[in-house]
Number of protein chains: 2
Amino acid sequence: MPPSPSPSPSRDRILDAFEELLTEQSERAATLDAVAARAGVSKGGLLYHFSSKDALVDGILERLQRLVDDDLERMRTAPAGPVDYFVRSSVSSQSALDRTVIAAARLAQGANPKARASLSSMQGGWLALLESAVSDPIAAKAIMLVGDGIYYNSVLLPETASVVRDDAEMDRLVALVLEIAARPR
Amino acid sequence: MPPSPSPSPSRDRILDAFEELLTEQSERAATLDAVAARAGVSKGGLLYHFSSKDALVDGILERLQRLVDDDLERMRTAPAGPVDYFVRSSVSSQSALDRTVIAAARLAQGANPKARASLSSMQGGWLALLESAVSDPIAAKAIMLVGDGIYYNSVLLPETASVVRDDAEMDRLVALVLEIAARPR
DNA sequence: GTCTATATTGCGATAGAC
DNA sequence: GTCTATCGCAATATAGAC
């Protein structure tokens, strides 16, 4: 019998509930009561698995770290190249990574120092990879900023129509960004 | 005697205090108690000028509206053109507009619908102006996303070193963005 | 592991004196 | 116009039964 990958099934359900409340509503809405209710346990039950709210935050940030590492690996080996992969994957809200990034962003906005440090290091990872794929470092930065902009819009203005309206617009945006990437230094 | 532009001196001091707590700390830190203390009045004194926290939010959003209108006018008439003006003015945290935008962004992140609507309309104004200055609409959008990205970084990762490290890097970034703007459709 | 109290603190808002 | 005092509520966390 292999060691169970997730020590407890409720632990993950609680973490999912916390993440959902953060992304779908707000940092303020993600109270212990609300998380417990959504996860289908009592507050006491929740606090058995995560002994404080801070422990809950740590849980999200560990999940983020894991997902970011996986993403960087996929970006590194993407068939259409890292730049194409990066921009397309910036259209938020779909993947598990997107959800966890948004959750962490809400915590960072709530002035949580650990969350800010995690996001900062995550961004450093992406920038480093973009810089290795693009000859001009300033172009790499501009590309990262476009991706950040797309994220920012979906984080801050969730119920607004997405900045990037549809697939056709996304294709044209990717084409433009690839042009920037190919630009000689 | 002209009508006083600001009906009450403490009213503005209270609004400044609210804005400072939002930008320097977080939405959660900007409690009525904290705002009153920083403005140098009692909680009762604060509530005489703003009868609820929602009224305080409205005060910030009205200030934002006024500052955005001024900014769009300056961008329209900027000597080096709207694109140059837009990107340079995205390096956040200096002007009165920057501070108020960040304050509104914190409120938007706290799921405040009015704040989200204000930021959305503000963004619409900038995008429309960029589109009128740049022949390719997708280039206009990319330029706006770069600006948004710079903002997003200073909002979410305030104590991290700015993404745009120094004036030299900013000049190279502006040059790149102007290249994008000049790109034929 | 999960539950029901309950202690404690902090917040938004009201009431009424000055 | 500014103050103090206080109510009502919600949030984090603890204690201890099952």
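Chain identifiers are assigned alphabetically (A, B, ...) following the order of the sequence lines, protein sequences preceding nucleic acid strands; residue numbering begins at 1 within each chain.
- A heavy-atom distance below 4.5 Å is found between the side chains of B:Thr100 and B:Ile60.
- Residues A:Asp58 and A:Phe50 have side chains not in contact (no heavy-atom distance under 4.5 Å, counting atoms from C-beta outward).
- A donor-acceptor pair under 3.5 Å is formed between the side chain of B:Lys141 and the backbone N or O of A:Val163.
- Once you apply a 4.0 Å limit to the heavy atoms of chain A, the touched nucleotides of DNA chain C run 5' to 3' over C:dG1 to C:dT4.
- A salt bridge links A:Asp171 with A:Arg88: the closest approach of a Lys/Arg side-chain nitrogen to an acidic carboxylate oxygen falls below 4.0 angstrom.
- Side-chain contact between A:Arg38 and A:Glu20: present, with at least one pair of heavy atoms (C-beta onward) separated by less than 4.5 Å.
- Under a 4.0 Å N-O distance rule, the pair B:Arg99/B:Asp16 does not qualify as a salt bridge.
- Considering B:Leu67, B:Leu72, B:Leu127, B:Val101 as possible partners of B:Met122, the one that fulfils the side chain to side chain contact (heavy atoms under 4.5 Å, CB included) test is B:Val101.
- In this pair, A:Tyr151 and A:Trp126 present their aromatic rings parallel. The plane angle is below 30°, not in the 30 to 60° band.
- One can place CG of B:Asp33 at 13 Å from C1' of D:dA5, the figure rounded to the nearest angstrom.
- The stretch residues 37-53 of chain B touches DNA chain D through B:Val41, B:Ser42, B:Gly44, B:Gly45, B:Tyr48, B:His49, each having a heavy atom within less than 4.0 Å of the strand.
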